[in-house]
Structure formats: structure tokens, C-alpha cells
Amino acid sequence: MTRLSQYLLPTERQAPADAEAVSHKLMVRAGLVRQMGAGLWTWLPAGWRVHRRVEAVVRQEMDAIGGQEMLMPVLQPADLWRRSGRYEIDELFKLLDRRRAELVLAMTHEEAVTFHVASLVRSYRDLPKILYHFQVKERDEPRPRAGVLRTREFIMKDSYSFDRDPDGLAASYQRHIEAYDRMLDRCGLEWYRVVSDVGIMGGTAAHEYMAPCPAGENEVALAPGYAANVEVAAADAVPVSLPDAGEQPVELSTPGLVTVEQVAGALGVEPGALLKAYPVVADSAGMVLVMVRGDHRVNELKLARALGERARPAHEEEIAEQLGPPGFIGPVGIDARVPVLVDEAVAEGAYVTGANRPDRHLRGAVPGRDFSFRRADVRRVEAGDTVDGQAIRIEPAIEVGNIFQLGTRYSEALGASYLDEHGREQPIWMGSYGIGPARIAAAAVEQFADEQGISWPRTIAPFAVSLIAVGKADGAERRAAEQLYGQLVEGGLDVLYDDRDAGPGEKFADAELLGCPLRLTLGRRSLESGTVEVQVRRGRQAREGIPISEDPTQEIRSLWETLP
RNA sequence: CGGGGAGUGGCGCAGUCUGGUAGCGCACCCGGCUGGGGGCCGGGCGGUCGCAGGUUCAAAUCCUGUCUCCCCGACCA
């Protein structure tokens, strides 16, 4: 049923007042989704069509690499999650049934699939395997946001690979890379595959698929031949000119100057000629003084990796007690008491840094001469840094997919092993691979929207064609449109036929808001020329009318196939 | 979890300060006109003002409590 007069497509002229992201506003306005609660969304018929189109692409590519589709429950015994060590995750929904048995709502399905594989797979002959499903995920998000981009309940395709050894895992991983590349290409998105953090729970490799868009929650560092999540990105810093080192550091009076900008300005040096102190307290190592260039920032994730444990910024009292007055902290003279960690981007030379005395800085502090230190890459990359001589840029992006080499973490915890050719028990090597159709849809909205509304890539558009009849309900235009509608449907095209008794302006506006790739119009004007008018939604280009004296379906289909 | 904002008809809002029994635009329904970019005229339907308690002759409005939603940050296995 795709006559608009009968179809549930509640378009709105105004976006909800609380909507901020483009995709949030447009998906609501276009009648694709409606909110039920924080991070809880209903997909209305047209929106669900988009979702299912994305699913279809994902399913085809999963099947193409030998994936086998199945379905596992969302409601699961808590015990499995205790065994895997993930029960304590705050985002995990926990509940009790009437007998007070503990259950959880799954946020992914590693436990479930490993549970089954553990009991069903016995022999090396049963491996490798790729199993996948499309299933609802539940996450008690601290802050759902941006419409459908970050929700508490969403559908994900998650697949799991099971291999005999690390080489097998690498091969399965590679097949997923190729499948994911194809999925996102086919969905018409602009995307990057970036190196990502493997997470605290380990694993040997991980990539994220990022779709750049303004509402994105992540940042990616990009250069020709390079793409990485800013969380893990490493690049060469822009060099900075340093003043000559003297015989020893000279103490300067810098009353009240506590920021890099203030000190650099007062001393007439570049911010990068300062060493900025960032005291942290690590879980077991205690206070560590992290030093980065004045124009750089600490990357907490890289710092945690360098320290081998979590660390938090030190409190003012801790700083005052162990180092000196906050704002005037530096590495000179304290390195015997507090370990100093210097970022790799700090080149050899003399720097300005805090003197650990009120209203005093040091000029000419030389790492190694004036204080001892350990070196590590702990800074966040900045736009303009280089990788292989190429400047990077940093863009916001939404994570639409991620792939992990899990290794044996879950198989060992849940007892998924097999007997090898020699009858020896071996752990199964696993990978996990997620992709979110809702995020792909929202990213497409973000990437291709214009003033008029959405402009879908044709592979995931809710309909191939919006057909508009302009004119009276019983007029010749309407009769011609009815006939054309019948021909197009007969020819296998997905058509949304606007047969409402509404004005032309309203119909055009709604069609462009919904964003199907082709808009066909039949009205007085086109009837006089014996054609149906054609507009390509992307760019709103008018194309030459297509004669309707004979069935134009093939010609329309051919045109549609050329669209992005 | 910290900070900020908001709950009044389907959507967007006014009314709250100064208490007097709810209003506007759009949408919707009926009739008519119009018929190529959200058109016009006339007539209508629809809201226990988030919820609970309190003050008062009287509460959308004042007081107390509570729930929900949004934004920024933190968090995001």
C-alpha cells in the first residue's frame, strides 16, 4: 500500500523543539521515526523500509562471505555474563523474573553465541564458522542523544567468527573487512575504516567504520593513506622553534600567569615552547607528572596505555601537597619524588615550564639535563600534524560499524574449545563484528541533506520514486498518474504515489522532505507535452521529461540505476 | 553523575512574575472555491495545563514533593 492517501507518513512542517541534530530533525519531520522515551524510537512504515533496505545489503554481504544467519534471545541468564566477566558493566540492563531469577538484556551477543558454540562445536572439522543475526540490543546509556544516533534500544547486525587459530581469525577478520567495505559502499555513504582502540578487555586488532557527519560523536584523524580514531591516532607534530638553552634554567617572575597562553604571551614565545604539566594519579602508581608541549593536549586513552593502568587528573589539593602551586607546576626538582612522563612530541631543546613556586616559571629547562623522565606518545593529535609528510585533518564522525579480533577471551571464559587433529583440546579463536542499520540511515541523512530535506542514496531510499499527481481529484492528470502508477508498480519499481487531495506545493515539499531519489510529476503541463516530468532529488536537478505514450517504466528504471 | 533548560490539543508556542476557570499559528473534521511550490472563505472537533499533595472562596499560575524529556560535559567493553 503505497498510495500516500492511505499511508502512515506523518510529515511535519516544524521539527520537534528539542531536536538538535539534522538527522533527528529530518527523520521526525519526514515521518520516518517517532520517539517513545529517552533513546527509545519507533520506526514508522517509511523509516522501517529504509532500515530493512540497509539490512538487506548487510545480509547479502554477510551471506557472500559465508555467514549463516540465526537468531538469539535478548533476554538472557545473568550467569553467562558473570562467567564472561561483563555482568558489572553499568550499561547492562539487569532484571529479575517472578521467581527472582537474575536475567539481563543483552547489549551484544558474545556470551550467547559462545555458549552455543561451546556445546555444539567439538572438532576442528567444525571450524571455521561465521554466525550472525540481526537482533535488538539494549543498553542503559547514560545519555541517549541525537534522535536515532545514540539510543538505548537498537538493532544491530552482529556476527561472530570461530576459528582454529590466530591465522584463521585473521582470515575471517579480513573477509569481514571486505564485506563491510562493500556494505558501506553499497549504502552510498562516505565512510572511513579507521584503526581503533582494542579496549581494556584486550583483543589484538580492531577497526571502526566511521561515517563523517556533523552530529558525529567521534573524531577521526585523516590524511591521504591514513585514517584513525583520534583516540589512538599518532602523528608527527608541527615543529616549534625553541629559544637557546642557557647553562641552567632561569627563574622568571610570572605573577598570576597560569595558562599557557598567558605565559607564552608574556614571555614572547610560542605556546609550543612551553612544557605543560598535567599531573595525574594512576590507580597503583600514584602521582605521575605528564608533560606535553604547551600547544598539545593529553589523550587520556593513550596515557592509560602508556601507564598500563587507568589514571585520573590530580586534584588541586594533591597537586599543592606533592608538587607545588597549581598553575606553576613543572618537572624540575620533583623528578626524584614523582615520575615524569614526557610526550614524544617534545623535541630536544630548552622549554619554559613551571617552577613549582608561586608566580614563577623557569626558562631554559632541558629534559634530561634538568630532570629525568620516561618518554611515551600520550598526546592527542592536532589538525596540521603530519603522517608521512601529509597533513592530517580532524573530522567528526559517527561510528556505524566496528570489528574486533577477540581472540580467546570469551571462548576460554565460556568453555568454547575443540579437539585438533592430534586430539588436543584447543580454545576457539573468535572475532566479533557489528554494524548498525539505524546509524547508517541517520548518517546518510546527515551527509546528504539539503534545505529541502533528505536525499537518500538510492539503495536505501524508502522508495525509488515519488510520483506526484497535480490537479483535481477527478481530472485527466490524476487518471494519467493512476495509469503510470500501475505501470511502475507492475514493472517492479517501489513507488510512493501522492494521490492526496492536496495542493502541489505541499506535495512537492513532502516529496523532497522524504528524499526519494526520483520525483515524477504528472500535471497539466506535462500532459500537454505527453511526458512525465522528472526531478533527481540529489541536487534537485530537473531532467528531460519522459514520454508516456508508451510505458516509460524501463526508461525510468534505467535513469534510477544511474543515480548515486 | 555535574551544569543548564523544558513539560499547556498531533507539531510549534503564548498565558505563570501580578491566582478569577485556557488561547494563537499549523495540522485535523465538514462545506465551498482554488489547482504547478505548504492557496482562500465559512463552520467545527480536540487539552483533568506531566503527576501527587498542600495553600486559597478560587490554582496552568503560589508552596512542597515527584516523574519525564532535551542540551553541554563526564561516561560509552
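Worth knowing before you read on, the calculation uses all heavy atoms, side chains too, and leaves out hydrogens, waters and symmetry mates. Proteins come first, then strands; the chains are lettered A, B, ... in the order of their sequence lines, and each starts at number 1.
- Contacts of A:Ala509 with the nucleic acid, taken as non-hydrogen atoms under 4.0 Å apart, include base atoms.
- At the phosphate of B:G36, OP1 or OP2 sits under 4.0 Å from a side-chain N or O atom of A:Arg524.
- Using Watson-Crick or G-U wobble geometry with both donor-acceptor distances under 3.5 Å, B:C75 finds no partner in any strand shown.
- Look at A:Arg143 and you'll find a side-chain N or O under 4.0 angstrom from OP1 or OP2 of B:C72.
- Both distances falling under 3.5 Å, in either a Watson-Crick or a G-U wobble arrangement, occur for no nucleotide opposite B:U18.
- For the 3.5 Å distance criterion, the side chains of A:Tyr410 and A:Arg86 qualify, holding a donor opposite an acceptor.
- Proximity of A:Arg34 to the phosphate of B:C11: no side-chain N or O atom is located under 4.0 Å from OP1 or OP2.
- Across all strands shown, B:C26 forms a Watson-Crick or G-U wobble pair with B:G10, both key distances being under 3.5 Å.
- The aromatic ring centres of A:Tyr7 and A:Phe463 sit less than 6.0 Å apart.
- Taking 4.0 Å as the cut-off between side-chain N and carboxylate O, A:Glu111 and A:Arg82 do not count as a salt-bridged pair.
- Residue contacts shown for A:Glu533 include a base, since a base heavy atom lies under 4.0 Å away.
- Sequence order on RNA chain B of the closest nucleotides to A:Arg478 and A:Met36 puts A:Arg478 first from the 5' end.
- Residue A:Ala146 is in sugar-phosphate contact alone, with no base atom involved, counting any heavy-atom pair closer than 4.0 Å across all strands shown.
- Pair assignment for B:U61: none, as no Watson-Crick or G-U wobble contacts are both less than 3.5 Å.
- For the salt bridge (charged side-chain N to carboxylate O under 4.0 Å, His left out) with A:Arg380, the lone residue among A:Glu231, A:Glu300, A:Glu219 that qualifies is A:Glu219.
- The existence of a salt bridge linking A:Asp450 and A:Arg537 is confirmed by a sub-4.0 Å separation between a basic side-chain nitrogen and an acidic carboxylate oxygen.
- B:C57 and B:G19: their P atoms are spaced 15 Å apart (whole Å).
- Put simply, A:Gln14 has no side-chain N or O that comes within less than 4.0 Å of OP1 or OP2 on B:C13.
- B:U48 makes up no base pair with any nucleotide shown, lacking Watson-Crick or G-U wobble contacts both under 3.5 Å.
- Among the heavy atoms of the strands lying under 4.0 Å from A:Ala15 are primed sugar atoms or P, OP1, OP2 only; no base atom is included.
- Residue A:Thr108 is out of contact with every strand shown, counting any heavy-atom pair closer than 4.0 Å.
- For A:Pro16, the listed nucleotide lying nearest its side chain is B:G12; candidates were B:C26, B:G36, B:G12.
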